[in-house]
Amino acid sequence: MIDMRSDTLTKPSDEMREIIRAATVGDDCYGEDESVNDLEEYCKDLFGVEGALFIPSGTMANQIAIKAQVEEGNEIITEANYHINFYEIASTTILSRAVLNCIRKKDGIINKNDVEELTNSKPRGPLYSKPQLVSIENTINYYQGKTFPIETIKELYNYTRDKGIALHMDGARLFNAYVATGVPLKEYAKNVDTLSICFAKGLGAPYGSMLMGNKDFINSARRIRKQFGGGLHQIGMYAVAAQYALDYQLIDIKHDHQLTKEMAILLTGVPGISINLDSIETNMIFINIDNITGNVNEFCHLCKKYGLLIFPWLPGIVRLVINRHISKEDVYKAVEILNMVVEKLSGRVRYA
Ligand SMILES: *Cc1c(COP(=O)(O)O)cnc(C)c1O
């Protein structure tokens, strides 16, 4: 089975498992897990930030960033399709009792004017809620792994700093953005107040996120992590896996992107489906199957029957993600399967 549903599906190699087995551990709630401490120090250097905290998941990292920077009844400005609104089951309302004030952008990029517009979209003052955080995403999952332009981030940061609003970046796939654009990780980190990254996406570690920001922020984040149930104990086994992924697997993301482009080009030869080749920047391909069937579940089910797992994303759109386990042969095979599925569904005999 070729599994292109996500980049969270990767499994640790034998070598990674060996490193996990040999990890030095301690109680991280006492600050005594050396492997965790080493990883946090490493990330502080890598991103040029004052503080870094190892967190069980990307969702928890985002929710801690919100809790630490937004008071109850106040607002987070974001885009309707970013992860914090679309995929986090409204945890913001439960955990922080804060409101998401969302804009919907065709291109998925919120800029300074959008923030200004949302800020002015209702009365402000002592009797109203106050925007305290802007949250952006990079790369943007819902927009096919699109990179968020650094110039737009800089403009946003100038604006939010000026207004006393915090800027958070959900960088679950920031390594993909870094590899695709060449913008240094430090440059991204320098232009936001807080950011989170995931080790369990394209990097291929089994677990964890790093939440980063200044010292004060990390001190509150540590308390909130405990409140949210994310203060763990001998967690160094996961920290060494994350370190291994940074040391040896980050480099493979470039290969994922190349393979994604190659696959997209091959897919332009499949009749009936449509993809926008120019919009593919990182490791994802969205395929529009409207011309064949609007039923994505039926489409994905057939793909599975032929040996390909893909994600029924939205009505009329299926998603493919290239991860480190996907080879060139898999890509060719997957395109062949998609050809067969399209043929079957459209009742056409291609080789007649
Ligand atoms: C995957 C992802 C997260 C975090 O997901 P977890 O499964 O909670 O680790 C956050 N934001 C984006 C954009 C993601 O793609």
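Just so it is clear, the model here is predicted, and its values are computed rather than measured. Position 1 is the first residue of the sequence, and the numbers go up from there. Any value given below was found using the heavy atoms of this structure, including those in side chains, with hydrogens, waters and symmetry copies removed. Read the numbers this way: they start at 1 and go in the same order the structure lists the ligands and their atoms.
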Going by the ring-ring contact (aromatic ring centres under 6.0 Å, His included) test, which pairs reach into residues 259-293, not counting sequence neighbours? Phe286-Trp313
Sole candidate of His83, Arg319, Lys146 that passes side chain to side chain donor-acceptor pair (under 3.5 Å) when paired with Asn141: Arg319
Looking at Tyr82 versus Tyr143, is the centre-to-centre ring distance below 6.0 Å? no
Shell of residues surrounding ligand 1, defined by a 4.0 angstrom heavy-atom cut-off that is strict: Ser57, Gly58, Thr59, Asn62, His83, Glu137, Asn141, Asp170, Ala172, Arg173, Lys201
Output the rest of the hydrophobic cluster of Met1: all Ile, Leu, Val, Met, Phe, Trp and Tyr residues reachable through side-chain heavy-atom contacts under 4.5 Å, sorted by chain and number. Leu309
Rest of the hydrophobic cluster containing Leu9 (Ile/Leu/Val/Met/Phe/Trp/Tyr, side-chain heavy atoms under 4.5 Å)? none
Between Arg324 and the options Asn283, Thr10, Asp256, Asp252, the side chain to side chain donor-acceptor pair (under 3.5 Å) test singles out Asp252
